[in-house]
Amino acid sequence: MCYQTKITKKKEEMQRHFDAGIKGLDEFEPSEVIKAFDFPKTPVITDEDEHLIQLYQWGLIPYWADASWNRNYTLNARIETLDSKPSFKNITANRCLILINGFYEWQHVGNSKIKYEIGFNNELFALAGLYDHWADTKTYTVVTTEAKGVMREIHNSKLRMPVALYTQHEMRAWLHNQEVVPRYDFTTNPGLYQQQTLF
DNA sequence: CCAGACGTTGTT
DNA sequence: GTCTGG
DNA sequence: CCAGACGTTGTT
DNA sequence: GTCTGG
């Protein structure tokens with residue numbers, strides 16, 4: 001899974017990096033830790049306009065959802081079952097890029113856990129996402145897959161990781177519904193935080 | 001057949 | 001809206 | 001979809 | 001076996 005990200009880059013740098021304009025990012029503030037369970041609005045690029053960065057809210061709300069919808073459960077979407085889940089199957093072509101320069105995951109060691117920052121030397125990159133857009137509601141979910149490589153060592157409890165895209169080619173492929181191989185050659189920064197698990 | 005679910009499993 | 005558990 | 005029903009109303 | 005209630 002993936003519930004915490006990092007976006008410390010300025011708008012101007014994101015524009016340059018992703019070769020895109022910007023719309024409605026006034027309320028965006030770079031942040032060391034972005035928490036999914038707060039349902040934050042974060043910068044994304046959708047397949048509707050690959051040269052525009054806009055804010056979408058983390059936590060997918062399908063267009064048919066009613067007031068009882070619980071976004072806690074649509075912060076992530078398992079890539080293995082996208083085509084069969086009612087919440088995702090009709091939007092598997094609504095591709096977006098979630099713009100970040102790091103994300104966080106916890107490693108369980110004995111009965112404590114260590115927080116890692118994961119990324120590409122603090123460079124900008126993207127997570128693969130799906131979005132829905134209806135009325136004023138613009139929301140997204142982060143697509144996850146089986147953890148590989150170093151991610152199996154770090155995220156050793158759930159063995160999941162977000163689908164990460166690094167090159168422009170990978171990002172375009174995702175937006176165009178083409179096969180992508182999720183990245184796992186991350187740089188990692190351990191020990192940001194350590195916590196005894198409660199017993 | 002239709003009511004009820006639909007999504008994932010975590011942080012301070 | 002579609003799917004599915006009862 | 002699958003577990004569980006599936007039949008009728010009387011004779012000494 | 002088929003039908004149907006849940």
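These values consider heavy atoms only, across backbone and side chains, with no hydrogens, waters or symmetry-generated copies. Labels below follow one simple rule: chain letters A, B, ... track the order of the sequence lines, proteins then strands, and each chain is numbered from 1.
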Going by an N to O cut-off under 4.0 Å, is there a salt bridge joining A:R160 and A:E146? no
When you measure from the side chain of A:Y73, which nucleotide among B:dT9, B:dG10, B:dC6 comes out closest? B:dT9
Expressed as a whole number of angstroms, how long is the span from A:R160:CZ to B:dG7:C1'? 13 Å
Please report the distance separating the P of B:dG4 from the corresponding atom of E:dT2, rounded so that it comes out in whole Å. 32 Å
Determine the interatomic distance between C1' on B:dA5 and the same-named atom on E:dC3; round to the nearest Å. 27 Å
Atom pairs under 3.5 Å, N or O on each side, protein against nucleotides 4-6 of chain C: can you list them with distances?
none

Grab the CD1-P distance between A:I79 and B:dG7 for me, whole Å please. 16 Å
Might you work through the side chain to side chain contact (heavy atoms under 4.5 Å, CB included) test for A:I53 and A:V44, ending with a clear yes or no? CA-CA 6 Å; A:I53 299 172; A:V44 304; over 6 Å; no
Rounded to the Å, how far apart are A:N72 CG and B:dT12 P? 16 Å
Using a 3.5 Å cut-off on both pairing distances, which stems of three or more Watson-Crick or G-U pairs include DNA chain D? D:1-6 with E:1-6
Testing C:dG1, B:dT11, B:dC6 for proximity to the side chain of A:W69, the answer is B:dC6
Taking atom P of B:dG7 as reference, at what distance in whole Å does atom CG of A:L130 sit? 13 Å
Closest approach to the side chain of A:K158, judged atom by atom: which nucleotide of C:dG1, B:dT11, B:dT9 is it? B:dT9
Under 5.5 Å centre to centre and under 30° between planes: does that hold for A:Y3 and the six-membered base ring of B:dG10? no
Tell me what A:N76 touches on the nucleic acid: a base, only sugar-phosphate, or nothing, going by heavy atoms under 4.0 Å. sugar-phosphate
Within-4.5 Å side-chain heavy-atom neighbours: A:H169 and A:R172: no
Using the rule given for side-chain hydrogen bond (donor to acceptor under 3.5 Å, both in side chains), can you reason through A:Y131 versus A:D47, listing the C-alpha separation, both sets of side-chain angles and the distance that settles it, and then say yes or no? CA-CA 10 Å; A:Y131 67 90; A:D47 58 10; 2.6 Å; yes
Say we look at B:dG7 and E:dG1: how far apart would their C1' atoms be, to the nearest angstrom? 40 Å
Yes or no on side chain to side chain contact (heavy atoms under 4.5 Å, CB included) for A:I61 and A:R71, after CA distance, side-chain angles and deciding distance? CA-CA 7 Å; A:I61 307 178; A:R71 290 172 292 178; 3.6 Å; yes
Pair A:Y3 and A:F37, ring centroids less than 6.0 Å apart: yes
The reported gap from OH in A:Y104 to OG1 in A:T5 (rounded to nearest 0.5 angstrom) is 8.0 Å
Using a heavy-atom cut-off of under 4.0 Å over every strand shown, decide if A:R71 touches base, sugar-phosphate, or nothing. nothing
When you measure from the side chain of A:R78, which nucleotide among B:dT12, B:dT9, B:dC6 comes out closest? B:dT9
Write down the distance between CG (A:N156) and P (B:dG10), rounded to a whole number of angstrom. 12 Å
Kindly label the base of B:dT9 as syn or anti, based on whether its glycosidic torsion lies within 90° of 0. syn
Among B:dG7, B:dT9, B:dT12, which is the nearest nucleotide to the side chain of A:K35? B:dT12
Would you indicate what A:F37 reaches in the nucleic acid, counting non-hydrogen atoms under 4.0 angstrom: base, sugar-phosphate, or nothing? base
Spacing between A:Y63 atom OH and C:dT2 atom C1', to the nearest angstrom: 8 Å
Quick check: do A:W106 and A:I154 have side-chain heavy atoms less than 4.5 Å from each other? no
Respond yes when some side-chain nitrogen or oxygen of A:W64 is under 4.0 Å from OP1 or OP2 of C:dT2, and no when none is. no
Spacing of CZ belonging to A:F186 relative to CE belonging to A:M161, to within rounding of 0.5 Å: 6.0 Å
Step through it carefully: locate the ring centre of A:W64, locate the ring centre of A:W134, and say whether they are under 6.0 Å apart. no
Identify whether any heavy atom of A:N70 sits under 4.0 Å from a base atom; if not, whether one sits that close to sugar-phosphate; answer base, sugar-phosphate or nothing. base
What about A:F103 and A:F120, same hydrophobic cluster or not, with Ile/Leu/Val/Met/Phe/Trp/Tyr joined at side-chain heavy-atom distances under 4.5 Å? yes
Rounded to whole Å, please give me the gap between CD in A:E105 and P in B:dT9. 10 Å
A:K113 side chain near B:dT11 phosphate (N/O to OP1/OP2, under 4.0 Å): yes
In whole angstrom, what separates A:N94's CG from C:dG1's P? 17 Å
